[in-house]
Amino acid sequence: MTTAAAYPRRMTTRWIGGVLVAVAACGGLTEQEGIYDVATWTENPTGCDAEGPSVAAAHAPHVFLRADSFFGQDFINVVECSDLGDCRTRAAETDTLELGGNIFDEGNDDDGWRGRIVSAFGSGGTCGGTVDDGTLTTTATGFRIEHQRRDVTFEASDCTTEAAEAAAAAAPCSSLEVITTTLVESL
């Protein structure tokens, strides 16, 4: 069986901390819960003016979208899976939270979902960080995810996610990732 670790993505958020933990499913948060085929997956590593080339071959061909909850924080979670059986099995394991880097904790199905993943790290007296602003919107056949990432450096005396967010406020977008899907079956 292929695991989420086989498809690494950014996995750190301020409120989850990148931990695989037991959770409770959070039904009713979205009507989009289901298993999806990945229709396209592109990445532009040099900016956000246009979509980049396909990177679909480096990712799983399917994802599942599920509402989850962790310490009272409800969110939409999109996780890669290797085949439909893998998706069905892992999506049904509602007592386990799998972090796939596609977490959306604000919004709704009509207006779209938003999520921000922030990291900060220090090395050699300087700090760096990333701020990834993701959006998930529904389409006629599935959903579309867009991640706009900003990479920043800032003073080492304040190597926090808050400092990374402050530095990113004026930073240009450094990369764009876009995923489109088609619904296979609802959960």
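In this model, no donor atom of one side chain and acceptor atom of the other lie less than 3.5 Å apart for Asp133 and Thr135. For the residue pair Ser69/Asp74, the side-chain donor-acceptor check at 3.5 Å is satisfied.
Of all heavy-atom pairs between Ala167 and Thr153, the closest is CB-O, 4.4 Å. Val131 and Ala168 get closest at one heavy-atom pair: CG2-CB, 3.5 Å. For the residue pair Ala120 and Phe154, the shortest heavy atom distance occurs at CB-CZ, 4.2 Å. Closest approach of Asn77 to Glu98, counting heavy atoms only: ND2-O, 2.6 Å. Here the closest non-hydrogen pair linking Ala164 and Gly129 is CB-CA, 4.5 Å. Residues Ser175 and Pro45 come closest through the heavy atom pair CB-CA, 3.9 Å.
Between Val78 and Ile145 the shortest side-chain heavy-atom distance falls below 4.5 Å. In this structure, Asn44 and Glu51 have side chains that are not in contact, with every pair of non-hydrogen atoms separated by 4.5 Å or more. Side-chain contact check for Thr138 versus Gln32: some heavy-atom pair is nearer than 4.5 Å. Residues Val118 and Thr130 have side chains not in contact (no heavy-atom distance under 4.5 Å, counting atoms from C-beta outward). Tyr36 places none of its side-chain heavy atoms less than 4.5 Å from the side chain of Val184. Counting only heavy atoms from C-beta outward, the side chains of Leu97 and Phe75 approach each other to under 4.5 Å. In this structure, the side chains of Asn102 and His147 come closer than 4.5 Å at one or more pairs of heavy atoms.
Remark: Glu185 engages Arg88 in a side-chain hydrogen bond (donor to acceptor under 3.5 Å, both in side chains) (not counting sequence neighbours). For Asp109, the salt bridge (Lys or Arg N to Asp or Glu O under 4.0 Å) test picks out no residue, with sequence neighbours left out. Under the side-chain hydrogen bond (donor to acceptor under 3.5 Å, both in side chains) criterion, Thr40 pairs with Thr180, not counting sequence neighbours. For Asp83, the side chain to side chain contact (heavy atoms under 4.5 Å, CB included) test picks out Asp86, with sequence neighbours left out. Shown here are the side-chain hydrogen bond (donor to acceptor under 3.5 Å, both in side chains) partners of Asp111, two or more places apart in sequence or in another chain: Asn108. For Glu155, there are no salt bridge (Lys or Arg N to Asp or Glu O under 4.0 Å) partners at least two apart in sequence or on another chain. Among residues two or more places apart in sequence or in another chain, the ring-ring contact (aromatic ring centres under 6.0 Å, His included) test is passed with Phe64 by none. Considering only residues two or more places apart in sequence or on other chains, Thr126 meets the side chain to side chain contact (heavy atoms under 4.5 Å, CB included) condition with none of them. Remark: Thr182 engages Ala39, Thr141 in a side chain to side chain contact (heavy atoms under 4.5 Å, CB included) (not counting sequence neighbours). Remark: Glu146 pairs with Arg144, Gln148 by the side-chain hydrogen bond (donor to acceptor under 3.5 Å, both in side chains) rule, at least two apart or across chains.
Under the 3.5 Å distance criterion, the side-chain polar atoms of Asp37 are left unmatched by any main-chain donor or acceptor of Leu183. Here the side chain of Thr30 pairs no donor or acceptor atom with the backbone of Glu33 at under 3.5 angstrom. Glu80 places no side-chain N or O within 3.5 Å of a backbone atom of Pro61 that could act as its donor or acceptor partner. Between the side chain of Arg116 and the backbone N or O of Phe104 there is no donor-acceptor pair closer than 3.5 Å.
Considering CG of Leu187 and SG of Cys87, their distance stands at 9.0 Å, rounded to 0.5 Å. One finds the OG1 atom of Thr94 at 8.5 Å from the CG atom of Asp68 (value rounded to the nearest 0.5 Å). In this structure, CD1 on Ile103 lies 10.0 Å from CD on Gln73, to the nearest 0.5 angstrom. In this structure, CZ on Phe143 lies 5.0 Å from CG on Leu65, to the nearest 0.5 angstrom. In this structure, the separation between OG1 on Thr181 and CH2 on Trp41 is 10.5 Å, given to the nearest 0.5 Å. Put simply, CG on Leu136 and CH2 on Trp113 are 9.0 Å apart, with the number rounded to the nearest 0.5 Å.
Screening residues 33-77 for disulfide bond (SG atoms under 2.5 Å apart) gives Cys48-Cys173 as the qualifying pairs, with residues at least two apart or on separate chains. Counting only residues at least two apart or in different chains, disulfide bond (SG atoms under 2.5 Å apart) contacts with residues 91-121 are absent.
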Exercise. Given Val79 and Arg90, is the side-chain contact (heavy atoms from CB on, under 4.5 Å) satisfied, shown in steps?
Worked result: CA-CA 9 Å; Val79 178; Arg90 291 170 55 204; 3.3 Å; yes
Problem set entry | Check against salt bridge (Lys or Arg N to Asp or Glu O under 4.0 Å), Glu177 and Arg149 | CA-CA 8 Å; Glu177 180 181 44; Arg149 180 176 169 158; over 6 Å; no
